[in-house]
Amino acid sequence: MDPRLSPDRTNLSPNPGMMDTSADNSHNMESEMYSDNIGTPSSLSNVTLTADGGNNSQDNNNSKRKRFVKVVEVDVPNNLDLDAYIANYKGHTKVNRLEFIADRCPSLQVDALKLAITELRNASTLNIPRYANLVKKLNEAVKFGASGSANVSSDLLNVDKAWADSQLQKAKQQTDLLEGELKTYKRNAIKESIRMGNIELGNHYYSCGDLTSAHRSYARTRDYCTTPKHIIELCMNVIKVSIELGNFPHVLTYVVKAESTPEVQQDKDLTKAKLKAASGLANLDLSKYSAAARDFLSIGEELVGHQYGDVISANDIAVYGGLCALASFNRAELKRLVIDNVGFRQYLELEPHIRDLIQGFYNSNYTVCLDIMEKWRNDYLLDLHLHSHIEALYTNIRKKALVQFTSPFLTVNLTKMAKSFSTTVPELEKELVSLIIGGQIEARIDSQQKILWAKQTNKRSAIFERTTAMGQEYEREAKGLVLRMQLINHNLIVKGAGSEKGGPGGGGDVDVAFEHGAHPRGGRTGGVPGGRDIPMFADARAGMSNFLSTFARDRHRG
């Protein structure tokens with residue numbers, strides 16, 4: 001289905017060649033923020049779609065991701081209660097998720113925009129361009145008769161110009177004040193004052209929606225941090241802004257920096273949990289599902305409430321961690337790291353269907369697993385961070401289920417297997433062929449009888465060959481030991497010239513193995529330094545000859 005991201009059903013899907021527009025937006029941020037023509041369409045930015053399918057309006061600049069993701073519109077979510085869902089978030093994340101849902105789901109567009117506008121008004125936002133842009137979207141939705149248009153009040157459809165002008169003026173005055181104070185602090189060269197001044201200015205830019213300037217202000221405090229607490233504060237501020245910008249490699253950098261701080265390593269459990277959550281989001285965005293699962297699974301009980309609601313909720317941790325674990329862990333890891341994980345179990349209680357999905361997969365009840373996944377697919381397509389990974393995660397989970405289903409059997413009836421996986425036999429054959437080519441399943445397909453035959457190896461022959469090789473190696477080592485013991489018993493040991501006196505030629509006994517019939521001057525001098533001929537070699541050679549003859553005769557008799 002073609003995406004319809006506006007009420008008039010215009011196709012706003014992105015151009016594959018369009019990647020990053022944040023740089024252009026950052027240049028005109030300030031001019032748009034302080035525009036006096038709030039009510040006119042010319043002062044409102046057009047909604048453009050970033051390469052990852054999200055919105056990139058003038059106020060959030062969140063188009064750092066470089067991959068192109070197909071935009072999928074969700075007509076009606078299956079289980080999403082918008083009010084209960086959005087209550088888990090606060091701040092910018094709450095508005096971002098509401099706007100994302102409004103752009104992806106026509107049936108919830110009006111309700112999501114109403115909640116977003118109300119949130120901005122109640123918070124007395126300084127980001128007036130974004131507020132005006134949401135009002136414009138709501139007007140368009142009502143104009144084209146979107147679902148729920150009849151319940152929209154006139155207050156939400158009109159921009160309060162007096163209030164908007166006062167907020168813009170307040171934002172401009174606050175910016176001038178904070179920048180002036182920061183200049184004064186720099187002239188006085190007081191490190192702590194400069195650090196606090198940059199943080200206050202960064203907080204102000206963040207409130208105004210200028211994330212690029214906020215990131216820059218937070219990063220400038222790096223040179224003025226004098227304690228581990230200051231470093232942690234710097235990292236947490238940069239991480240929050242970087243997540244909203246979509247700059248996830250930068251998130252990982254500052255997570256590592258914060259985790260290496262001694263104060264975090266000692267007893268800051270809440271800070272550790274937030275850093276693990278941020279790291280999990282970054283690895284999820286980078287499609288490192290195994291690393292993301294381990295990050296989410298290692299979060300303690302500290303985030304069960306809304307302690308990190310401006311970035312992620314406890315429900316998200318359960319969903320992200322559960323799906324990433326199913327897509328990347330083997331059976332043993334799933335049992336040890338997920339099912340037996342007492343700390344993660346509290347998050348699973350918030351999302352019982354994820355708990356049932358994991359248990360069903362571990363118990364090989366694939367019909368139930370696939371039903372749960374399909375039932376919640378539409379809801380996950382409306383998730384701000386998960387939507388672009390649903391296809392990859394679901395594909396990996398299904399492949400693991402197919403491999404796990406076929407592994408215990410020598411033959412599998414494709415008709416029955418297709419029924420278990422809710423698909424047709426031809427489609428199942430295609431999936432199995434790809435797994436066989438990829439080396440994940442060692443089998444052959446009988447397309448006529450519709451049977452999967454596992455490749456059989458003769459285990460008896462393999463074990464016999466391995467046993468024979470081990471016996472030969474043992475025999476060789478035993479003969480060597482017997483030979484050495486006999487050499488010692490017959491006093492076939494040559495001491496170096498300086499061994500008794502501890503000279504350079506000695507240092508201990510030198511075991512000499514003579515070849516039968518070899519002359520001492522033929523090059524084998526028993527390891528004696530310098531290759532000198534020693535009179536005792538004649539008797540030793542004769543004794544060695546007799547010993548080898550006896551040893552060979554006894555071996556032949558045996």
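FYI, side chains are in, hydrogens and waters are out, and symmetry mates aren't considered; it's all heavy atoms of this structure.
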message: Is it the case that atom NZ in Lys257 sees more than 12 heavy atoms from other parts of the structure closer than 6.0 Å?
response: no
- prompt: Quick one: which of Asn198, Asn203, Asn237 gives a side chain to side chain donor-acceptor pair (under 3.5 Å) with Tyr218?
  reply: Asn203
message: Between the side chains of Lys172 and Asp176, is the shortest nitrogen-to-carboxylate-oxygen separation below 4.0 Å, so that they form an ion pair?
response: yes
- request: Give, for atom CG of Leu234 and atom CZ of Arg195, the distance between the pair rounded to the nearest 0.5 Å.
  value: 9.0 Å
message: Within this structure, what is the CH2-OH distance for the pair Trp376 and Tyr394, rounded to the nearest 0.5 Å?
response: 10.0 Å
- prompt: So how far is it from Thr261 OG1 to Leu275 CG, rounded to the nearest 0.5 Å?
  reply: 8.5 Å
Side-chain ion pair, Asp383 and Arg97, N-O less than 4.0 Å: yes
field: pair Phe329-Leu297: side-chain heavy atoms closer than 4.5 Å
entry: yes
- request: Check step by step if salt bridge (Lys or Arg N to Asp or Glu O under 4.0 Å) holds for Arg377 and Glu374.
  value: CA-CA 5 Å; Arg377 177 191 290 269; Glu374 191 60 32; 3.4 Å; yes
task: First locate atom OG1 of Thr93, then atom CD of Glu244, and finally report the distance between them rounded to the nearest 0.5 Å.
output: 6.0 Å
message: If you take the centroid of each ring, where Trp contributes its six-membered ring, are His230 and Tyr224 closer together than 6.0 Å?
response: no
- request: Would you give the length of the straight line joining atom OG1 of Thr221 to atom CD of Glu192, rounded to the nearest 0.5 angstrom?
  value: 10.5 Å
field: Parallel, tilted or perpendicular: rings of His389 and Tyr289 (30°, 60°)
entry: perpendicular
